[in-house]
Amino acid sequence: MPPFKVPTFQERTALAAQAKLAALEKLRAKPPIDEAVLAERRQAALIREAAQKKAREEKLAAREAEKALKLERIALANIKQPELSEEEKKRIRDEKYAARKNRAGKR
């Protein structure tokens, strides 16, 4: 078996040119697309784009509605919570600290 011969630059460019010509001939040999088929594809693409646009708009509307609902919940939560005095805040803070300390002690 003869040893592998590294192709020269000229050989590589000639092979590349042959490959380009072969690809071009293959493309030229393809029959042109029928106008009816092309119109049908365009119509299908338009329908698909319209459906995607509608889905995007619905998703955006749902996201906006969720955001509005969340803001409404926050507003209601702020309205329902009465302002606590400093003693009540301290008592709640102390209860949280005691509960955390009891949990840590059980480990």
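The CG atom of L71 sits 11.0 Å away from the CG atom of L76 when rounded to the nearest 0.5 Å. Between the NZ atom of K53 and the CG atom of L46 there is a distance of 12.0 Å, given to the nearest 0.5 Å. The distance from atom CG of L15 to atom NZ of K20, rounded to the nearest 0.5 Å, is 12.5 Å. For the atom pair CD (E49) and CZ (R56), the distance works out to 8.5 Å, reported to the nearest 0.5 Å.
The pair E95-R91 counts as a salt bridge, with a side-chain nitrogen and a carboxylate oxygen less than 4.0 angstrom apart.
Counting non-hydrogen atoms of other residues, nucleotides and ligands closer than 6.0 Å to NZ of K89 gives a total above 12.
T13 approaches Q10 most closely through the heavy-atom pair OG1-O, 2.9 Å.
Considering E11, K5, R12 as possible partners of T8, the one that fulfils the side chain to side chain contact (heavy atoms under 4.5 Å, CB included) test is E11.
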Can you give me every donor-acceptor pair (side chain of residues 23-41, partner residue at least two apart or in another chain, under 3.5 Å) with its distance?
from, atom 1, to, atom 2, distance (Å)
E25, OE2, R28, NH1, 3.2

